[in-house]
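Please read the structure below before turning to the comments.
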Amino acid sequence: MERIIGVMGGSGVYEIDGLQDASWQEVNTPWGPPSDSLLTGSLDGVRMVFLPRHGRGHVHTPSTVPYRANIDALKQMGVTDLVSVSAVGSFREEMAPGDFVVVDQFIDRTFARVKSFFETGCVAHVSVAHPVCERLSGLAYEAARSTGVTVHKGGTYLAMEGPQFSSVAESKLYRSWGCDVIGMTNMPEAKLAREAEICYASIAMVTDYDSWHPDHGAVDITQILSTLKANTAHAKSLVAALPALLSAAYAPCEHGCDRALEYAVMTAPDKRDTALVEKLSTVAGRVLKG
Ligand SMILES: CSC[C@H]1O[C@H](OP(=O)(O)O)[C@H](O)[C@@H]1O
Ligand SMILES: Nc1ncnc2[nH]cnc12
């Protein structure tokens with residue numbers, strides 16, 4: 001098996017540079033079409049697949065991003081390691097706009113999204129106690145550091161439904177919960193990556209102080225966009241640094257991300273919905289076949 005790096009580009013990151021033999025490929029999935037075509041190619045001898053989460057031109061809202069289709073499409077392309085790059089607001093003075101944060105925990109406050117590939121007829125329960133891959137996150141941290149940007153190792157990301165930003169009261173509440181950053185998309189993406197046995201890491205690019213900060217006022221989309229513009233070059237250099245850090249030779253994940261489904265499926269083989277099992281063939285075929 002080969003190591004293939006996936007990159008999920010968030011707001012402001014709609015392409016990556018420098019891929020050899022780059023081509024946009026249309027991929028279909030049993031969960032509908034993904035956000036856009038997938039850009040495939042290789043860098044430093046490692047195959048890479050890029051998908052703009054909101055689609056080129058920013059078409060999908062955080063609630064309507066086709067999360068299941070995106071993860072299924074990346075799995076179809078053989079992605080073993082997925083690095084998400086996302087814009088976030090910060091709840092910490094020291095996590096300033098322009099900084100990067102390697103997220104290691106999530107609080108999922110989204111409520112209008114399908115969060116699992118599994119449903120009636122094929123039930124599975126995976127652990128997301130440690131929702132990111134420690135090894136991949138460590139490498140993403142090294143890649144971010146190599147760009148010269150200020151990077152914070154570890155942080156709790158509050159996933160909100162959006163698309164509106166938080167009220168001041170909500171912002172203060174999330175801060176009091178110990179959250180470090182806020183965004184609208186890493187859930188259910190991280191949960192679905194775990195179900196699909198793909199190692200997942202999340203790099204958050206701080207664009208603003210959300211609404212809690214007495215000196216910064218409410219979130220302002222123009223400020224977000226100008227910070228994002230300034231950070232896009234760092235995000236692209238980070239992505240370019242990944243292949244040299246992750247060797248192309250595949251090795252099983254030492255944290256078990258690639259075996260998350262091993263004992264997860266509860267539904268007895270003779271009770272499984274055959275149509276659903278067929279839909280699950282890409283993400284869960286390893287444990288459902290035979
Ligand atoms: C552009 S501000 C709000 C928007 O940006 C973030 O997107 P992503 O996580 O894909 O970088 C945030 O989650 C919202 O969707
Ligand atoms: N303050 C904020 N809240 C939610 N998502 C964001 N993305 C960037 N800034 C954000």
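Position 1 is the first residue of the sequence; numbering continues from there. Remember, it's 1-based here, ligands and their atoms both numbered in the order they're listed.
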Among all protein non-hydrogen atoms, which one is nearest to [atom], and what is the separation to 0.1 Å?
atom	answer
atom 9 (O) of ligand 1	Thr185 OG1, 2.5 Å
atom 4 (C) of ligand 1	Ser11 OG, 3.5 Å
atom 6 (C) of ligand 2	Ile182 O, 3.7 Å
atom 15 (O) of ligand 1	Pro62 CG, 3.3 Å
atom 13 (O) of ligand 1	Met184 N, 2.7 Å
atom 3 (C) of ligand 1	Phe165 CE2, 4.0 Å
atom 5 (N) of ligand 2	Gly183 CA, 3.5 Å

Mind checking whether His213 and Tyr209 have parallel, tilted or perpendicular rings, split at 30° and 60°? tilted
Taking the inter-plane angle between the rings of Trp177 and Tyr174 on a 0 to 90° scale, is it parallel (under 30°), tilted (30 to 60°) or perpendicular (over 60°)? tilted
May I ask you to check whether Leu225 has an N/O atom sitting below 3.5 Å from an N/O atom of ligand 1? no
Measure the OH-NE2 distance between Tyr141 and His152 for me, rounded to the nearest 0.5 Å. 9.5 Å
Quick check for you: to the nearest 0.5 Å, what is the distance between Thr80 atom OG1 and Tyr250 atom OH? 6.5 Å
In one Ile/Leu/Val/Met/Phe/Trp/Tyr side-chain cluster, 4.5 Å: Leu158, Val219: yes
Per-atom filter on ligand 2: closer than 4.0 angstrom to a heavy atom of Ala87 are 7 (N), 8 (C)
Proximal atoms of ligand 2 relative to Thr207 (non-hydrogen, under 4.0 Å): 8 (C), 9 (N)
Less than 4.0 angstrom from a charged side-chain N to a carboxylate O is my criterion; do Glu15 and Arg56 meet it? no
May I ask you to say whether Asp81 pairs ionically with Arg135, meaning some side-chain N is under 4.0 Å from a carboxylate O? yes
Between Val49 and Met77, which heavy-atom pair has the shortest distance, and what is it? CG2-CB, 4.0 Å
So if I count the atoms of ligand 1 from 1 in the order they appear, which ones are less than 4.0 Å from some heavy atom of His54? 7 (O), 8 (P), 10 (O), 15 (O)
Find all atoms of ligand 1 within a distance of less than 4.0 Å from any non-hydrogen atom belonging to Arg53, and give their numbers and elements. 8 (P), 9 (O), 10 (O), 11 (O)
Are the side chains of Phe106 and Val132 in contact, using a 4.5 Å heavy-atom criterion? yes
Taking the side chain as every heavy atom from C-beta outward, state whether Pro66 and His60 have any pair of such atoms under 4.5 Å apart. yes
Is the contact between Ser86 and ligand 1 made by the side chain, the backbone, both, or neither, using heavy atoms and a 4.0 Å cut-off? both
Give a yes or no on whether Glu262 atom CD has more than 12 heavy-atom contacts from other residues, nucleotides or ligands under 6.0 Å away. yes
With a heavy-atom distance limit of 4.0 Å, tell me whether Asp210 approaches ligand 2 through its side chain, its backbone, both, or neither. both
Region of Asp208 engaging ligand 2 - heavy atom pairs below 4.0 Å: side chain
N/O to N/O below 3.5 Å, does that happen between Gly89 and ligand 2? yes
Among the heavy atoms of Gly162, does any lie under 4.0 Å from an atom of ligand 1? no
